[in-house]
Amino acid sequence: MIIILKPGAPREQIDAVIEEVRKLGYDPRPIHGTHQTIIAAVGDETTHHTLESLDVFPQVERVLRIQKRYKLVSRESHPGETVIDVDGVAIGGGNFVLMAGPCSVESEEQLMQTARAVKAAGATILRGGAYKPRTSPYEFQGLGKEGLRLLELARKETGLKIITEVLSERDVEHVAASADILQIGARNAQNFRLLVEAARTGKAILLKRGMSERIEEWLLAAEYILAEGNPRVILCERGIRTFETWTRNTLDLAAVAIAKMESHLPVIVDPSQGCGRADLVRVLCRGAVALGADGLIVEVHPNPAEALSDGQQQLDLAGFAELGAEIDPFLKAAGKTR
Ligand code: PEP
Ligand code: MN
């Protein structure tokens, strides 16, 4: 930490800050300039008391943090890229993954038809919400346990791995019993008790970015999972809320590039929630792949016009087949294989 004192702060006030730094467990190294003094406080910022509170001294101008607030998710702690093995499907470190399926699991026929089609188009992981976080309590909330049963059935028939959202701590145990990957949604992105409970299952976790979550906060949410002893985290950019109204959210591809620079974890993109428009999904996928995303999670429905949730943003089966066929040159450019 660096503490910058106000110009002309009297010596006894500087000494008071130095004394406080020592009291809080740091080794204070003052540098007295002609106008201003700065104090370098040597110590481990992640284990010691934070010195940011020293801002309350009127003679302190600013306190600067040197170390990052996250440790385990950072590239410094883990050179190279993490590869997550989901029962034989590798994600990260050059292994690209295509996840696809309906926003919500609606019926056996809808799920099976979608599962067979997305598999034929190259997906290896089937998405489908059994528990749905809906803005209105009057909208379709998901089939719950029946949805999980259908997902298991689809896995059995197709061999696809399953990703599904866990909405609450109470559901963690039984959702984890069915899922290969637990999805933590944007609305729960900083529900820390849920993150900890999900982490404890040892399952791979896809952590969406919250709608107004800063990149640092997103990485710190992932840190909760790693700190619990579960390193199997996949970060997922799904758009943030901005002033723009032509898209449902603003897909922040810069955040994908930054998350990949900062962290060793795989980072994937959800263009469906990211823009909320089926007509933009494929072009956003191509962009995401070209810039180095480790995977895509795409909403696909046999008949989007009749979908019980998010119909406007779901690709139909033919649209997804075209997507599956057109991404290879972009994967090659990014140096990834699938
Ligand atoms: C979803 O994947 O259908 C979903 C609700 O995602 P998000 O949490 O990103 O809104
Ligand atoms: Mn959705």
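We count ligands from 1, going down the list as the structure has it; atoms in each ligand are counted the same way.
- The existence of a salt bridge linking Arg75 and Glu262 is excluded, since no basic side-chain nitrogen approaches an acidic carboxylate oxygen closer than 4.0 Å.
- With a 4.5 Å cut-off on side-chain heavy atoms, Leu111 and Glu106 do not count as touching.
- Note: no N/O pair closer than 3.5 Å links Pro133 and ligand 1 by distance alone.
- The Mn ion (ligand 2) sits nearest to atom OE2 when only the N, O or S atoms of Glu299 are considered.
- With ligand atoms numbered from 1 in the order given, ligand 1 contributes 3 (O) to contacts under 4.0 Å with heavy atoms of Cys103.
- With hydrogens and angles ignored, the 3.5 Å screen pairs a side-chain donor or acceptor of Arg127 with a backbone N or O of Pro102.
- Taking only non-hydrogen atoms, the option from Lys132, Glu165, Arg187 nearest to atom 3 (O) of ligand 1 is Lys132.
- If you check which protein heavy atom lies closest to atom 8 (O) of ligand 1, you get Ala186 N, 2.7 Å.
- Near Gln183, meaning under 4.0 Å from any of its heavy atoms, are these atoms of ligand 1: 1 (C), 2 (O), 6 (O).
- Partner Asp310 forms a side chain to side chain donor-acceptor pair (under 3.5 Å) with one of Lys132, Arg134, Arg248 and no other, that one being Arg248.
- With hydrogens left out, the protein atom closest to atom 2 (O) of ligand 1 is Arg127 NH1, 2.7 Å, a heavy atom.
- Atom 6 (O) of ligand 1 has its closest protein heavy atom at Lys208 NZ, 3.0 Å.
- Which parts of ligand 1 touch Arg238 is read off a 4.0 Å heavy-atom cut-off, strictly below it: atoms 7 (P), 9 (O), 10 (O).
- Between the side chain of Arg193 and the main chain of Glu169, no donor-acceptor pair closer than 3.5 Å is present.
- Between the Asn249 side chain and the Cys275 main chain, no donor and acceptor come within less than 3.5 Å of each other.
- The closest approach between a heavy atom of Gly129 and any atom of ligand 1 is not below 4.0 Å.
- Closest to atom 1 (C) of ligand 1 among all protein heavy atoms lies Gln273 NE2, 3.3 Å.
- Using cut-offs of 30° and 60° on the angle between ring planes, the pair Tyr224 and Phe192 is parallel.
- Residue Gly185 approaches ligand 1 through these ligand atoms, each under 4.0 Å from one of its heavy atoms: 8 (O).
- Within the 3.5 Å criterion, the main-chain N or O of Asp85 finds a donor-acceptor partner in the side chain of Arg232.
- When distances from the Mn ion (ligand 2) to the N, O or S atoms of Asp310 are compared, OD2 comes out shortest.
- A donor-acceptor pair is defined here as one N or O able to donate and one able to accept, closer than 3.5 Å; no such pair exists between the side chain of Glu19 and the backbone of Ile14.
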